[in-house]
There are 2 protein chains.
Amino acid sequence: MQDDARPRKDPAGKPPDPDHTQTNPLIRKLDSLASLSDADRAVLETISADTRSVPAHTDLIREGDAPNGVYLILEGMACRYKRRSRGARQIMAYLIPGDFCDLDVAMLKEMDHAIGTLSACEVVQIPLDTIQELLRSHPTITHALRLATLVDEATLREWLVNVGRRSADERIAHLLCELLLRLQAVGCASSDAYAFPLTQVDLADTTGLSSVHVNRSLASLRERGLIEISDQHLRILDLQRLQALAEFKPNYLHLVRGAAA
Amino acid sequence: MQDDARPRKDPAGKPPDPDHTQTNPLIRKLDSLASLSDADRAVLETISADTRSVPAHTDLIREGDAPNGVYLILEGMACRYKRRSRGARQIMAYLIPGDFCDLDVAMLKEMDHAIGTLSACEVVQIPLDTIQELLRSHPTITHALRLATLVDEATLREWLVNVGRRSADERIAHLLCELLLRLQAVGCASSDAYAFPLTQVDLADTTGLSSVHVNRSLASLRERGLIEISDQHLRILDLQRLQALAEFKPNYLHLVRGAAA
DNA sequence: CGAACTTTTGATATCACTCAAGGGACGTGG
DNA sequence: CCACGTCCCTTGAGTGATATCAAAAGTTCG
């Protein structure tokens, strides 16, 4: 439904296909953060084997729950979110292929936010023991995951800037620019387009706007020839201008290799 | 100027005063997250010895700089922030006594945000080597610092909810409730009051509002008998109602002990 | 084909912003 | 000690961006 941008994975267990490694978003992501060994890659491949399909709009964990292991997203899109008592929702992060949900939050005894799918997803649920064993025996992976966590945090800070100090059009433009780079980094976007399963309500709950206003902002971006949405796919028609409009500076994503301690 | 809430520290080097440990905000904070040994406390005390005074409104690190070690705040208030090109500032975190600035961000090669003081501060600048040695040899401290980082992240998420989905009055009320609990946890607040060095411009840049509107919101909270500000001190007159107004739920601060893995 | 959801559009309301100016507190230098 | 500048807070008036309410049109899917 929203996975056309990436070759479909063989649903069968673990074919030790040497190229498969290139399509595993987790490996792809960690490889760009540290120099994984073949052994590292193999372990990650094994971990990613046991996937589970989760329909759209389904909670993986709720606020108040005790963390029940760690989720890894391999396909589709999920999010962290909170709800206010009157129902207002704020999305605080998008989780895309290659993202772990709760590597660290699992250390706390109670979730302070929920995690739910936005589109249909392929996820792996990994027991804490497995994770801890992985971290113990694979220092390079540990390091890469640490860096990934830092980037997640930096992204969260940028979202706060987005909601606090940008206009509606700018917020949406910024979000779309960010998603392009993040999805490219895991092989889920072409040079200017990606699968886009988000509804306008989702965008509203991400950017702190009303869905009606999101609609108007999207229309404005379209009319200015900046983007095009059709059939659950987003195409960026003029990345330069879109980035300029949003004052998008990708430094916070720390995309270039060489960040090792 | 803003330290009346806490007994003044002996400015001389390291008097091995056994009670002093109780007034060190770092020890106080970590002690509430894990069970520190006397040895742990001693090391932390040593680390905190070499303090430096930094005037208000001074950058400790700028965006784009390479991280230059780790700062620890022992007195006063600092913040993480970013600026947009036209000058608009967004504050993304308050750093209060006991907070480390960049335990992890130091792993990245370039700062994606700045850190600056809001009031005059007492800080310690700790070289990376020292930190790494500390983490290697004191697992309990390491664990406590890990938890502290998670709480910082949870706080950041709550700030996003604040700016994205709360009204002006609610945002400010929420912020004031949060500060009360955080400052109490390090012994820098009484049951209903604390030193408050922030200007209305600072509050505006924190909450994504204009300073004029912050002024009006503060006035409204005052008129409703919820708070009182005088002489750089904030007193909360009706915590119940203030929390209710903001829909403040302290769960994200994970204040109770027992969160160990 | 119908139900549920999503997008779009119009009309109106409101919250928060901008601009502008006055007043208070504080510090500094004459 | 007073004069002055600066910074911060306060207040008023007018504007603008975004929210809310409502309904129609398009989509998806069983």
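Per chain, numbering begins at 1; letters A, B, ... match sequence-line order.
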message: Rounded to whole Å, please give me the gap between NE2 in A:His233 and P in D:dT27.
response: 16 Å

task: Work out how much the helix from C:dC1-D:dG30 to C:dA21-D:dT10 bends between its end axes, five pairs an end, to the nearest 10 degrees.
output: 50°

query: Would A:Tyr94 and A:Thr206 count as a side chain to side chain donor-acceptor pair (under 3.5 Å) if you check the C-alpha gap in whole Å, the side-chain angles of each, and the deciding distance to 0.1 Å?
result: CA-CA 9 Å; A:Tyr94 289 153; A:Thr206 304; 2.6 Å; yes

field: Annotated protein contacts, base or backbone, on nucleotides 14-26 of chain C with a non-hydrogen cut-off under 4.0 Å, one of B, S, - each
entry: --BSBB-------

- prompt: Thinking salt bridges, do A:Asp112 and B:Lys249 make one under a 4.0 Å N-O criterion?
  reply: no

- request: Answer yes when B:Asp99 and B:Arg182 have at least one side-chain N-carboxylate O distance shorter than 4.0 Å, and no when they do not.
  value: yes

- request: Decide yes or no for B:Val161 and B:Arg166: does some side-chain heavy atom of the first lie under 4.5 Å from some side-chain heavy atom of the second?
  value: yes

message: Looking at A:Gln200, I'd like to know whether one of its side-chain N or O atoms comes within less than 4.0 Å of OP1 or OP2 on C:dC5.
response: no

message: Within the structure provided, determine whether A:Asp102 and A:Pro67 are in side-chain contact (heavy-atom separation under 4.5 Å).
response: no

- request: Measure from CD on B:Glu170 to C1' on D:dA19 and round the result to the nearest Å.
  value: 14 Å

B:Arg80 and B:Glu63 ion-paired at < 4.0 Å: no

query: Is the centre of the B:Tyr252 ring less than 6.0 Å from the centre of the B:Trp159 ring?
result: no

- prompt: Are there more than 12 heavy atoms of other residues, nucleotides or ligands under 6.0 Å from atom CZ of B:Arg84?
  reply: yes

query: When you check the phosphate oxygens OP1 and OP2 of D:dT10, does a side-chain N or O of B:Asn215 lie under 4.0 Å from one of them?
result: yes

query: In whole angstrom, what separates B:Leu218's CG from D:dC9's C1'?
result: 10 Å

- prompt: Within this structure, what is the CG-to-C1' distance between B:Leu118 and D:dC8, rounded to whole angstrom?
  reply: 15 Å

- request: Would you mind telling me which residue lines up with the more 5' stretch of DNA chain D, B:His57 or B:Glu223, judged by nearest nucleotide?
  value: B:His57

query: What is the distance from CD1 of B:Ile229 to P of D:dC8, rounded to the nearest Å?
result: 15 Å

- prompt: Is it true that A:Arg224 and A:Asp238 make a salt bridge, defined as a side-chain N closer than 4.0 Å to a carboxylate O?
  reply: no

